[in-house]
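Below: the structure, in structure tokens.
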Amino acid sequence: MNAAQTPLPVIVIAGATGTGKSAAALAAASAVGGTVINADSRQVYADFPIITAQPADEEKNRVPHALYGFLRCAEKLSAGKYAALARDAIAAAHAASRVPILTGGTGLYLNALLGGIAAIPPVPEALSKAWQERCKAEGPRALHAVLRDRDPRSAAKLHPNDSQRITRALEVLEATGKPLGYWHDLPRPAGAYDALGICLDVSLGELTPRLQTRIEAMIEAGALREALAALERCPDPDAPGWSGIGCAELHAHLTGKTDLDTCKARWLQHTRDYAKRQITWFRRDNSLLHLVPDDTDGLLAACARHLGR
RNA sequence: GCCAGGGUAGCUCAGUUGGUAGAGCGAUGGACUGAAAAUCCAUGUGUCGGCGGUUCAAUCCCGUCCCCUGGCA
């Protein structure tokens, strides 16, 4: 048996925001000699370590961490770029004889990494912007009509209000000369990993008070100072980094649009909405092993079994 | 105590010239192939404050009681 052909083992720890993924990853990484690799679309931003709940320095010193806080506020990540970065990080971990432990709540990123993603060439940013502007001006329904004309198959799949996916379909069509469906039909390179997927489950009812406490703790830890510093470096609220929950609400507060109570109330509401969407996303994936966050023994046992130890 | 305005969905309120009611928000469920902490979809029975009366029929009109808000004492 050739070792190079054996799928490389990885451990994935998913779950909604605030369920304790980072702590679980740290415990698992300490136990098996792992590297924690970020699978979260927001924890990549260097300007928002507190607000996006990135691991603290103390935690990073205990175990190697990768793909946290490396992106500037004005820079944009995508599922495809993430998958490429994560593949490199996984390879680096294996090269260092460490077990990659992917941790994060961005389901699309995990799918792109583990299940592969269509090989669509990059769309020039100017083109993408142009469609977004037009969507803003004319409304998604008008663009849906355009799409129905040029790419009926994509149009049939998309709701006329879904501005984001409609503009995406249009920009891909214009940039590549081929409809989205063409690209999606192409075989996509599967992730050559032997993955153990774990999902930490907490009901929304239990999670909500914890999320509220976490927001207070973030403010205590200097979230406002962090946002203020980011505001100086990158004032544009439409910059990709500002779209994170908490960031957007703090931007509005710090630029005098809302008072702090309103800011905190919206922050909590949006975090809760998000957690609900994540729960929906991970619920349908029946390859996941579902654990309660406190079950460290169960977590470590599952990891050991997966690694054949 | 008097005057006025209110009491309708979890919340804020609309409405019914008398035929048992609907918006927004919330909540719940769902979708998700390169912005995904994004984007989008679906779901509305509630003693219409209590009790009496008028009426074929009352959440709506009348009486009475309770509660809230403001003003006057």
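Quick note on labels: first sequence line is chain A, next is B, and so on, each numbered from 1.
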5′-ward residue of the pair Ser41(A)/Ala79(A) relative to RNA chain B: Ala79(A)

Strand partner of rG46(B), provided both Watson-Crick or wobble distances fall under 3.5 Å: none

Candidates rA36(B), rA38(B), rU39(B) - which lies nearest the side chain of Trp281(A): rA36(B)

Residue met sooner reading RNA chain B from 5', once Ile117(A) and Gly246(A) are mapped to nucleotides: Ile117(A)

Arg284(A) side-chain proximity, nearest of rC32(B), rU39(B), rG29(B): rC32(B)

Same-atom distance (C1') from rC60(B) to rA73(B), integer angstrom: 34 Å

Rounded P spacing from rC40(B) to rG7(B) in Å: 35 Å

Sugar-phosphate, base or nothing in reach of Thr167(A), heavy atoms under 4.0 Å: base

Arg277(A) side-chain N/O to rA36(B) phosphate OP1/OP2 under 4.0 Å: no

Span that lies between the C1' atom of rU54(B) and that of rG18(B), in whole angstrom: 12 Å

Linked, directly or transitively: Tyr193(A) and Leu196(A) (ILVMFWY side chains, under 4.5 Å): no

Phosphate OP1/OP2 of rG30(B): any Thr280(A) side-chain N/O under 4.0 Å: yes

Touch class at under 4.0 angstrom, heavy-atom based, for Leu77(A) against every strand present: sugar-phosphate

Sugar-phosphate only, base, or nothing, as touched by Tyr109(A) at under 4.0 Å among non-hydrogen atoms: sugar-phosphate

Sugar-phosphate, base or nothing in reach of Gly105(A), heavy atoms under 4.0 Å: sugar-phosphate

Rounded C1' spacing from rG50(B) to rU8(B) in Å: 15 Å

Aro-ring/base stack His184(A)-rU33(B), d under 5.5 Å, angle under 30°: yes

Sugar-phosphate only, base, or nothing, as touched by Glu125(A) at under 4.0 Å among non-hydrogen atoms: nothing

Sugar-phosphate only, base, or nothing, as touched by Ala239(A) at under 4.0 Å among non-hydrogen atoms: nothing

Residues Thr255(A) and Lys257(A): side-chain donor-acceptor under 3.5 angstrom: yes

Assigned partner base of rG1(B), Watson-Crick or wobble definition, under 3.5 Å: rC72(B)

Any N/O donor-acceptor pair, Arg165(A) side-chain to rA31(B) base, under 3.5 Å: no

Phosphate-side-chain proximity, Gln269(A) and rA27(B), N/O vs OP1/OP2 below 4.0 Å: yes

Touch class at under 4.0 angstrom, heavy-atom based, for Asp40(A) against every strand present: base

For atom CZ of Arg42(A) and atom C1' of rA36(B), their distance in whole Å: 8 Å

Distance-only donor-acceptor test, Arg168(A) side-chain atoms vs rU33(B) base atoms, 3.5 Å: no

Touch class at under 4.0 angstrom, heavy-atom based, for Trp183(A) against every strand present: nothing

Whole angstrom value for the distance that separates P of rC41(B) from CD of Gln164(A): 13 Å

Touch class at under 4.0 angstrom, heavy-atom based, for Thr52(A) against every strand present: base

Connected via hydrophobic side-chain network under 4.5 Å: Leu289(A) and Phe282(A): no

N or O in side chain of Tyr274(A) less than 4.0 angstrom from rA38(B) OP1/OP2: no

Arg272(A) side chain near rU28(B) phosphate (N/O to OP1/OP2, under 4.0 Å): yes

Span that lies between the P atom of rC25(B) and that of rG44(B), in whole angstrom: 15 Å

Rounded P spacing from rA21(B) to rU28(B) in Å: 27 Å

Within 6.0 angstrom of Arg98(A) CZ, more than 12 heavy atoms from elsewhere: yes

Counter-base of rA31(B), judged by Watson-Crick or G-U geometry with both distances under 3.5 Å: rU39(B)

Arg141(A), CZ: over 12 other non-hydrogen atoms inside 6.0 angstrom: yes

Whole-angstrom distance between rC41(B) and rC62(B), as gauged at atom C1': 48 Å

Separation between the P atoms of rG29(B) and rA14(B), rounded to whole Å: 32 Å

Side chains of Thr271(A) and Arg214(A), donor plus acceptor under 3.5 Å: no

Sugar-phosphate, base or nothing in reach of Leu204(A), heavy atoms under 4.0 Å: sugar-phosphate

Pairing partner (Watson-Crick or G-U wobble, both distances under 3.5 angstrom) of rU59(B): none

Qualifying residue, where the test is side-chain contact (heavy atoms from CB on, under 4.5 Å) with Tyr82(A) and the options are Leu108(A), Ile117(A), Thr106(A), Leu77(A): Leu77(A)

Side-chain N,O (Asn161(A)) to OP1/OP2 (rC41(B)) below 4.0 Å: yes

Pair Thr167(A)-Gln132(A), side-chain donor/acceptor within less than 3.5 Å: no

Minimum-distance nucleotide (side-chain atoms of Lys76(A) versus rA35(B), rG29(B), rA37(B)): rA35(B)

Complementary nucleotide for rA14(B) - Watson-Crick or wobble, under 3.5 Å: none

